[in-house]
Amino acid sequence: MERTLSIIKPDGVQKNIIGEVIKRFESNGIKIAAMKMIQLTKTQAQGFYAVHKERPFFDSLTDFMTSGPIVVMVLEGDDVIAKNRKLMGATNFKEAEEGTIRKDYATDIEKNVVHGSDAPETAAFEIGYFFNDLEIQAR
Ligand code: ATP
Ligand code: MG
């Protein structure tokens, strides 16, 4: 059993597809172990994306991530890190496979609807960034 962090980014919330994204997780056997809606401050977004702080898109990305509410979730299941990344599709929606969330809904390389942790270490950091143990239900 594995856990990962998923975020429905401000563009996904704005597009009214929270339910659609959650439906894709649940219908693919993924359990939601924690969930909340928040709006990040610039400092919080910079802390979350600290690994990207040298990248040219860092300032724009952290502005975008603070531009509206986001839905943050802990997902649980076998191989859920990879499973979630597969459901999301490639970072650049133009390269995303048919039937993925980003292929179906992303409009921009930055505004790409969802975030998903990419490895066990990043998942542990990212889950801890948003949730304490009491807020996560073993499913
Ligand atoms: P995420 O971390 O959000 O799940 P990812 O792992 O597919 O996405 P990363 O390389 O970690 O992609 O980049 C983090 C986010 O930064 C991307 O999801 C996207 O919103 C933004 N981003 C990545 N590359 C670019 C780029 N070249 N130009 C603008 N924004 C970008
Ligand atoms: Mg990433």
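Just so you know, ligand 1 is whichever comes first in the structure, and atom 1 is the first atom listed for that ligand.
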Contact atoms of ligand 1, heavy-atom distance to [X] under 4.0 Å:
| X | answer |
| --- | --- |
| Arg102 | 1 (P), 3 (O), 4 (O), 7 (O), 8 (O), 18 (O) |
| Tyr49 | 3 (O) |
| Glu110 | 19 (C), 20 (O), 30 (N) |
| Asn112 | 17 (C), 18 (O), 19 (C), 20 (O) |
| Met88 | 4 (O) |

Identify, for [atom], the protein heavy atom at the shortest distance, and state residue, atom and that distance.
| atom | result |
| --- | --- |
| atom 7 (O) of ligand 1 | Thr91 OG1, 2.4 Å |
| atom 3 (O) of ligand 1 | Lys9 NZ, 2.9 Å |
| atom 6 (O) of ligand 1 | Arg85 NH1, 2.9 Å |
| atom 15 (C) of ligand 1 | Leu61 CD2, 3.9 Å |
| atom 29 (C) of ligand 1 | Phe57 CB, 3.6 Å |
| atom 13 (O) of ligand 1 | His52 NE2, 3.5 Å |
| atom 28 (N) of ligand 1 | Ile109 CG2, 3.6 Å |

Q: Measure from NZ or CZ of Lys111 to the centre of the six-membered ring of Phe64 and say whether it is under 6.0 Å with the direction within 45° of the ring axis.
A: yes

Q. Are Lys83 and Phe25 in a cation-pi contact, defined as NZ or CZ under 6.0 Å from the six-membered ring centre and within 45° of the axis?
A.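 Geometry flag: not set, cation outside 6.0 Å or 45°.
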
NZ/NE/NH1/NH2 to OD/OE distance under 4.0 Å, [X] and [Y]:
| X | Y | answer |
| --- | --- | --- |
| Asp59 | Lys42 | yes |
| Glu76 | Arg3 | yes |
| Arg24 | Asp104 | yes |

**Q.** Heavy-atom side-chain contact between Thr66 and Thr41 under 4.5 Å
**A.** no

Q: Could you check Asn16, Ile18, Ile17 and say which one makes a side-chain contact (heavy atoms from CB on, under 4.5 Å) with Glu20?
A: Ile17

Q.
Using the side-chain contact (heavy atoms from CB on, under 4.5 Å) definition, which of the options Ile7, Ile8, Asn84 pairs with His115?
A. Ile7

Q. Hey, does His115 come in under 3.5 Å of ligand 1, counting only N/O atoms on both sides?
A. yes

Q) Between Phe48 and Phe130, is the ring centre distance below 6.0 Å? A)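 That pair passes the under 6.0 Å test.
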
